[in-house]
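Following: one structure in structure tokens, then a few remarks.
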Amino acid sequence: MFRILIGVIILAIVIYAGILIYQQYLIRRLKGIDQKREGLSIDKLGDSVDQVRAMSLTGKTLEEVEQLTTDFSDLKEHRLPRLKQQVNDAINSAKQYRVLTAQQEAKKAAASLEVAEQAIKQVQDHVAELKKIDAQHKQAVKTLESRYQSLRKTLLAKNFMYGDAIDGLETQLGKLEDDNDHFREVTSKGDHEEAAKLLGQLQVDTDHLDEMLKAIPPLVTNLETEFPTQIKELTQGESELTQEGYQFPIADLKDQIAALPAEISKSKEMLAKLDVDAVKQADTALSTKIDHFYDLMQKEIVAKTKVTKNLDYLSKFISHAQNQNSVLMKELERLSHNYTLDHQEVETTREFTEQLRNIETAYQKDVENIHSNEAVYTDVEARQTRQIHDLTQIEKQQQEINDSVAGLAKEEEQANQNLQQFEFKLHSIRREVENLNLPGVAKSYLDYYQVVSDEIDKLTDDMNQVQINMEDITKQLIMIQSDLDILTEKTNDLIDSAQLAEQLIQYANRYRMTHEEVATASQEAQRLFDEEYDYPKSLETIATVLDEVEPGSYKRLEDRYYKSKQPVTDEDAGEVSEK
């Protein structure tokens, strides 16, 4: 029982100690909140509010200041005293060991402190914003006043530079002065919200007037001085050039130049209405048109010099091309009796005749127009350029045609020489095979020989025609040469196979009595030789069995055969004589 009592006492002491510790924690926390309350710069903020209230404010701005004063008064007279009372009540509750109540009151005090801090910051921000706007508007008054005086000075001192726009600009300047006065009045009364609305438009109007004062003088210079001077020059130039016999691509050039002053008058009317953008567009268009007229006249002057220089050159060029075409046509007509011209040479040359006739007709027309002062020299120059190009191309093609037919006779002569060589070669091949006294030749060889013989006969027939086609002849020559090369190779293979087969069959006789397989192979090889004329197979049959009986014998006999076929040199002949 005593132990339980001791435990209860100890527990009570621990609880009491905990309450004391938490009590002290709450008191320290509440004192911290109170210190922050006391540290709020409420007096300094009051001075700022008083400064704003001292401004001469009206309108919406005055309403904002009155609200600001109300907010500050509520903060000073109610929020902060109430916060102080909350802190005191909470401390008293804590000292009386009502820790739960003190805890709740401490939370409320902390929340109230946060609200008070936010309210102070809002008031501070609002005060700073009002001071900033007030300063900006006062500075704007000075700036706009300065700009207005500068614009006014410029307009008064240089009114001669603005031509028909001067009345409108002075009206704009007067309106700007009225607007500046109104803005200054609103600003001085402190109605900054209304002043802000006026400021934006006033700055736009000032900028616009400033831009017009800069943009108009160059336009006035063009309308009053540059354009009239240029129009006078164009009028005089057109008149003088027309008297000298010039014509222009624009038929009504004189009327178009005469219409330019009306465009200047229209631009002046738009300038008087201060429609500067429209005047700028018209200025660009008129400047472009004037430049175009200058350029047009200059081109005609330059073109005349070139045209005059080209007249004699073109006359000779046309005559030369016509003469060349006449000579070429006569040559083609002569060659067409003996040769087939299958590349449209004659037709193309006839087309050249027609082209040259058209070029000459256009040339003569231009000459007539020049002499009668009806020529537009830029048009004539363009035609001359095309004519020179066309004549150059015609002569180039004439030369190509002439070169293509110039060698026909020489090609025919060369073709006859080649034909004779083919006939001789074919005859030599036949004699060479006949000299072997073979029992016969294979049908495949005879067929190929006949193909080559027929090709040579056809070429002979085509060459003997009255009118020959050299292009086709050339193709036949190429084909016959190729086929003759193949026939020569086949003939060499036939001769080598036949002679080697004969030699190996004879050589095999030494083994016929002692080797039955040699006798059998010799008999088969002889049959293939005599009856089927298959000399390569005959050679293969006997060579295979000989190499089995006497290894290397075929290679040795083959080398001896090909060596004997080689032509004998003087050195070889000397060696033979010594032996």
Side-chain angles (χ1 to χ4, degrees), residues 230 233-257 289-336 341 343-407:
Q230 292 172 345
E233 290 178 352
L234 287 174
T235 302
Q236 182 178 353
E238 188 278 335
S239 176
E240 292 177 355
L241 290 176
T242 300
Q243 291 177 7
E244 293 176 15
Y246 283 90
Q247 298 294 327
F248 304 99
I250 301 175
D252 61 342
L253 178 61
K254 182 177 182 179
D255 294 337
Q256 290 195 31
I257 294 174
K289 189 178 294 186
I290 289 173
D291 289 343
H292 174 63
F293 291 158
Y294 271 118
D295 186 54
L296 186 147
M297 293 182 186
Q298 181 62 30
K299 284 183 177 179
E300 288 302 317
I301 294 171
V302 173
K304 180 178 181 180
T305 301
K306 294 181 179 179
V307 166
T308 303
K309 182 179 179 181
N310 284 336
L311 287 176
D312 184 57
Y313 172 74
L314 260 175
S315 176
K316 294 178 180 178
F317 203 163
I318 294 171
S319 297
H320 182 267
Q322 289 175 328
N323 181 62
Q324 289 283 93
N325 213 62
S326 176
V327 172
L328 178 61
M329 180 59 74
K330 291 178 181 178
E331 178 65 11
L332 291 175
E333 289 175 352
R334 183 185 68 80
L335 291 173
S336 64
L341 304 177
H343 289 287
Q344 305 296 315
E345 291 91 347
V346 175
E347 291 80 358
T348 301
T349 305
R350 289 199 183 105
E351 290 177 4
F352 291 160
T353 301
E354 185 63 25
Q355 290 181 40
L356 291 170
R357 185 181 297 112
N358 292 336
I359 291 174
E360 183 181 23
T361 299
Y363 170 80
Q364 293 298 338
K365 180 64 176 176
D366 285 336
V367 171
E368 292 175 6
N369 288 337
I370 290 171
H371 290 158
S372 61
N373 292 330
E374 297 178 2
V376 178
Y377 287 107
T378 49
D379 293 345
V380 175
E381 182 191 4
R383 277 192 294 275
Q384 287 182 340
T385 300
R386 289 196 302 272
Q387 290 167 351
I388 291 172
H389 173 270
D390 292 344
L391 289 169
T392 302
Q393 291 300 312
I394 289 174
E395 288 210 341
K396 180 181 178 182
Q397 293 178 66
Q398 287 173 339
Q399 186 62 47
E400 290 173 353
I401 293 174
N402 184 70
D403 292 344
S404 68
V405 300

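The figures that follow rest on heavy atoms only: side chains count, while hydrogens, waters and symmetry mates do not.
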Checklist entry - Hey, are the side chains of E345 and L328 touching, using non-hydrogen atoms and a 4.5 Å cut-off? => result no
Checklist entry - Quick one: does Q399's side chain get under 4.5 Å of N402's, heavy atoms only? => result yes
Kindly compute the distance separating [atom1] ([X]) from [atom2] ([Y]), expressed to the nearest 0.5 Å.
X: Q230; Y: D291; atom1: CD; atom2: CG; result: 7.0 Å
X: D390; Y: I394; atom1: CG; atom2: CD1; result: 6.0 Å
X: I301; Y: K299; atom1: CD1; atom2: NZ; result: 13.0 Å
X: L356; Y: L391; atom1: CG; atom2: CG; result: 6.5 Å
X: T348; Y: Q397; atom1: OG1; atom2: CD; result: 7.5 Å

Checklist outcome for this item: In terms of heavy-atom contacts, V307 and E381 come closest through CG2-N, 3.7 Å
Item to check | Inter- and intrachain pairs under side-chain hydrogen bond (donor to acceptor under 3.5 Å, both in side chains), touching residues 369-378, at least two apart | outcome: E300-T378
Checklist entry - side-chain hydrogen bond (donor to acceptor under 3.5 Å, both in side chains): which pairs involve residues 234-246, sequence neighbours left out? => result Q236-E240, E238-T242
Using the test side chain to side chain contact (heavy atoms under 4.5 Å, CB included), find all partners of [X] that sit at least two apart in sequence or belong to another chain.
X: V327; result: N323
X: D252; result: I250, D255, Q256
X: E351; result: Q355

Next on the checklist: Suppose we screen for salt bridge (charged side-chain N to carboxylate O under 4.0 Å, His left out). Which residues come up paired with K289, at least two apart in sequence or across chains?
Outcome noted: E263
Checklist entry - Partners of Q398 by side chain to side chain donor-acceptor pair (under 3.5 Å), sequence neighbours excluded? => result N325
Next on the checklist: T392: which residues meet the side chain to side chain donor-acceptor pair (under 3.5 Å) condition with it, sequence neighbours left out?
Outcome noted: none
Checklist entry - N310 and V380: side chain to side chain contact (heavy atoms under 4.5 Å, CB included), yes or no, with the steps? => result CA-CA 10 Å; N310 284 336; V380 175; over 6 Å; no
Item to check | Pair listing, ring pair (Phe, Tyr, Trp, His ring centres under 6.0 Å) test, anchored in residues 289-309, at least two apart | outcome: none
Item to check | All pairs passing ring pair (Phe, Tyr, Trp, His ring centres under 6.0 Å) where residues 303-327 contributes a residue, at least two apart | outcome: Y313-F317
Checklist entry - For residues 313-322, which residue pairs qualify under salt bridge (charged side-chain N to carboxylate O under 4.0 Å, His left out), counting only residues two or more places apart or in two chains? => result D312-K316
Donor-acceptor pairs under 3.5 angstrom involving side-chain atoms of residues 357-364: please list them, not counting sequence neighbours.
from : atom 1 : to   : atom 2 : distance (Å)
R357 : NH1    : E354 : OE1    : 2.4
N358 : ND2    : E354 : O      : 3.4
E360 : OE1    : Q322 : NE2    : 3.0
T361 : OG1    : R357 : O      : 2.9
Y363 : OH     : L311 : O      : 2.8

